[in-house]
Amino acid sequence: VIEKTTANAQHAFYYKVLNVAAATVEHGNGAQTDIKSVTVFTEGSACKAQRLATAAVGTNLSNAKKLLKDGGATRFVLIDQNGNFLQNP
């Protein structure tokens with residue numbers, strides 16, 4: 001899904017079998033952040049995963065890591081503007 005007001009790509013899924021939700025938010029071309037994309041995995045709620053990913057993509061890498069860990073993300077993958085991957089376990 002491309003949000004027309006900001007040109008950000010957003011995806012959220014809930015996997016009932018595993019009770020895991022995933023959300024990916026990609027920042028638009030006019031990004032004022034060092035983050036290009038965030039994918040978040042949480043237990044039980046696609047809304048929670050989407051909120052965390054949306055909040056994280058608007059910050060910088062170090063603040064995003066703290067926000068996602070404190071916010072209860074089970075796993076996450078951050079991609080910076082150079083295409084480098086940063087993930088937790």
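- In this structure, CD1 on I35 lies 5.5 Å from CG on L78, to the nearest 0.5 angstrom.
- Across V40 and A73, no two heavy atoms sit closer than the pair CG1-CB, 3.8 Å.
- The two atoms that bring A49 and A22 nearest to each other are CB-C, 4.1 Å, heavy atoms only.
- Hydrophobic clustering of Ile, Leu, Val, Met, Phe, Trp and Tyr side chains at less than 4.5 Å, counting indirect connections, keeps L67 apart from V77.
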Under 3.5 Å, which donor-acceptor pairs do the side chains of residues 82-89 form with other protein atoms, sequence neighbours left out?
residue : atom : partner : partner atom : Å
N84     : ND2  : D80     : OD2          : 3.1
N88     : OD1  : F76     : N            : 2.7

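- Here the closest non-hydrogen pair linking A23 and A53 is O-CB, 4.1 Å.
- To the nearest 0.5 Å, the span separating OG1 on T74 from CG on L68 amounts to 11.0 Å.
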Inset, instruction - Test T33 against V57 for side chain to side chain contact (heavy atoms under 4.5 Å, CB included), laying out the working first. - result: CA-CA 8 Å; T33 177; V57 81; 5.6 Å; no
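- Formation of a donor-acceptor pair under 3.5 Å by the E43 side chain with backbone atoms of V20 is not found in this model.
- For residues 64-73, every residue pair satisfying the salt bridge (charged side-chain N to carboxylate O under 4.0 Å, His left out) rule, not counting sequence neighbours, is listed here: K66-D70.
- The shortest non-hydrogen separation linking A64 to A56 is CB-O, 3.8 Å.
- One distance of note links OG1 of T39 with CD of E26; it measures 9.5 Å at 0.5 Å rounding.
- Partners of T59 under the side chain to side chain donor-acceptor pair (under 3.5 Å) rule, at least two apart in sequence or in another chain, do not exist in this structure.
- Atom CD1 of residue I79 and atom CD of residue Q81 lie 10.5 Å apart, to the nearest 0.5 angstrom.
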